[in-house]
Amino acid sequence: MNRQIPFNKPFLTGKETQYIEQAVAAGKISGDGEFSLKCHRFFEKRYGFTKALLTTSCTDALEMCALLINTQPGDEIIMPAYTFVSTANAFVLRGARITFADSEPHTPNIDVAGLEQLITPKTKAIVVVHYAGIACNMDAIMQIANRHGLYVIEDAAHSIDSFYRQQPLGSIGHLAAFSFHETKNVIAGEGGMLSVNDPKFVLRAEILREKGTNRTAFFRGEVSRYEWVDIGSSFLPSELTAAFLYAQLEQIDQIQQKRIALWNRYYEQLTPLETQNFVRLPYLPPWSHRNGHLFFICCPDNQTRNNLIAHLRSMGIYAVFHYLALHKSPYYQNKYTGGNLPMADYYTGCLVRLPLFYELGFDEVDYICEQVTAFFTGHQRG
Ligand SMILES: *Cc1c(COP(=O)(O)O)cnc(C)c1O
């Protein structure tokens with residue numbers, strides 16, 4: 001069997017290099033030119049973000065969130081342990097302590113039932129991650145945050161074009177961070193975006209992003225010169241990145257449609273394995289939506305998961321595990337003073353992601369599902 005199915009393959013719409021050439025020809029290749037503005041307008045119009053600001057990565061957008069809420073040494077930030085390192089690093093860089101929350105039994109998202117008991121007088125914010133683009137219980141989270149005067153930041157890296165009821169993800173918390181890394185639905189190589197939903201952060205977000213200057217207001221003609229007015233860094237991407245991204249955004253409906261169709265195909269074909277209790281499929285809460293960001297299954301234990309990955313690899317299929325829960329990471333384990341997080345450990349040990357990318361064929365999904373099924377039932381099919 002020499003069929004090879006990679007885990008991911010970046011999809012190009014075909015217009016990317018044309019738009020990059022256009023930006024080069026226009027002689028404006030630093031940040032916030034025409035293509036950046038087109039991207040900002042696209043997001044603000046389609047998803048209702050008060051302000052969209054492209055950044056060089058989701059990591060940078062999260063660092064901007066930490067700065068915008070004035071994270072200070074000693075502040076506590078609550079977030080799930082089952083997440084990417086950048087979610088935590090952004091706040092650790094400002095001296096915060098991380099209070100890691102467990103995941104839900106049904107989804108890798110933050111466990112809302114245990115959330116309120118993690119809040120102390122030092123808590124400043126709750127960061128949620130909509131794992132696989134499946135929405136956290138945002139009404140409950142916003143109610144808890146409002147009751148305690150906390151900020152809510154959405155790590156929306158997986159969540160483009162996904163929804164909590166009718167609300168786009170990334171439009172609900174005070175701030176949100178998106179990623180356009182090549183593994184995400186819509187890509188720019190490396191790239192990200194801050195979405196600002198609380199208007200009080202808009203002006204300062206522009207300043208932090210432009211090295212602590214009011215250059216953005218200057219370009220709009222609102223001030224006569226630009227000066228150093230606050231702390232900041234260089235968080236904005238070049239026009240080359242924005243031009244690439246805009247080509248992708250023009251095709252977003254087509255990209256989402258295909259990814260969701262692939263996701264549904266996996267779900268249908270693997271349902272019998274769930275019915276027979278071999279695996280657990282992603283659970284979609286009633287308020288949530290799927291955006292086809294990634295398809296995962298959960299095995300009953302770590303050994304089975306690792307054996308499944310090895311079996312698929314031997315059949316030319318590249319399936320991969322995901323996060324190693326951060327409370328047990330080499331960097332944080334000695335600093336962690338919280339309790340056991342059994343569900344975060346469970347997803348660390350038992351979750352596996354199957355290939356999902358725009359150019360993946362439905363016949364390839366069928367083949368992958370046959371191999372997963374064969375692994376569990378011992379029957380070779382097809
Ligand atoms: C991909 C990802 C990030 C980081 O995105 P970059 O754009 O690579 O910085 C952050 N959080 C989560 C949950 C991610 O999946």
Side-chain angles (χ1 to χ4, degrees), residues 7-8 10 39 43 52-67 77-93 98 100-101 103-104 107-110 125-136 138 141 152-162 169-170 172-173 175-195 209 233-238 240-242 244-245 248-249 259 282 288 290-296 320-327 329 331-332 344 347-348 351-353 356-357:
F7 174 67
N8 182 51
C39 293
F43 285 111
L53 291 169
L54 294 188
T55 57
T56 55
S57 64
C58 181
T59 301
D60 266 2
L62 288 163
E63 286 181 32
M64 288 184 69
C65 293
L67 288 167
I77 310 291
I78 299 173
M79 67 182 64
Y82 192 73
T83 184
F84 190 59
V85 61
S86 295
T87 322
N89 245 336
F91 299 89
V92 169
L93 279 167
I98 308 299
F100 286 115
S103 294
E104 294 180 315
T107 77
N109 289 344
I110 194 164
I126 301 167
V127 185
V128 301
V129 182
H130 308 290
Y131 186 80
I134 296 171
C136 296
M138 291 310 290
I141 289 164
V152 173
I153 295 165
E154 299 176 70
D155 180 335
H158 298 185
S159 309
I160 193 166
D161 213 55
S162 202
L169 298 187
I172 304 166
L175 298 162
F178 287 88
S179 176
F180 309 119
H181 185 265
E182 74 169 29
T183 51
K184 307 302 204 277
N185 288 26
V186 164
I187 62 176
E190 301 278 356
M193 181 177 69
L194 174 75
S195 75
R209 180 169 166 271
S233 190
S234 187
F235 291 118
L236 75 171
S238 87
L240 306 180
T241 298
F244 191 112
L245 179 64
Q248 296 263 315
L249 295 178
R259 295 188 74 112
S288 83
R290 60 211 177 300
N291 66 346
H293 172 55
L294 61 84
F295 192 87
F296 65 94
V320 290
F321 55 87
H322 209 180
Y323 304 128
L324 306 174
L326 297 178
H327 68 302
S329 61
Y331 179 69
Y332 216 85
Y347 292 111
T348 297
L351 183 147
V352 53
R353 294 176 289 163
L356 202 167
F357 50 89

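We count ligands from 1, going down the list as the structure has it; atoms in each ligand are counted the same way. Being a predicted model, the structure only gives us computed values, none of them experimental. Values below: every heavy atom of this structure, side chains too, minus hydrogens, waters and symmetry copies.
Interatomic distance, Gln248 CD to Ile160 CD1, rounded to the nearest 0.5 Å: 9.5 Å.
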So what's ligand 1 close to, N/O to N/O, under 3.5 Å?
from     : atom 1 : to     : atom 2 : distance (Å)
ligand 1 : 5 (O)  : Ser179 : OG     : 3.3
ligand 1 : 7 (O)  : Cys58  : N      : 2.9
ligand 1 : 7 (O)  : Ser179 : OG     : 2.7
ligand 1 : 9 (O)  : Cys58  : N      : 3.3
ligand 1 : 9 (O)  : Thr59  : N      : 2.9
ligand 1 : 9 (O)  : Thr59  : OG1    : 2.5
ligand 1 : 11 (N) : Asp155 : OD1    : 3.3
ligand 1 : 11 (N) : Asp155 : OD2    : 2.8
ligand 1 : 15 (O) : His158 : NE2    : 2.8
ligand 1 : 15 (O) : Lys184 : NZ     : 3.3
ligand 1 : 15 (O) : Tyr323 : OH     : 3.1

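For Ser179 and His181, the side-chain atoms include no donor-acceptor pair closer than 3.5 Å.
Using the six-membered ring where Trp is involved, His158 and Tyr323 have ring planes that are parallel, under 30° apart on the 30 and 60° scheme. The aromatic rings of Tyr347 and Tyr82 sit tilted, their planes meeting at an angle between 30° and 60°.
Between Phe7 and Phe357, the distance separating the two ring centers is not shorter than 6.0 angstrom.
Between Cys136 and Ile110 the shortest heavy-atom distance is SG-CG2, 4.4 Å.
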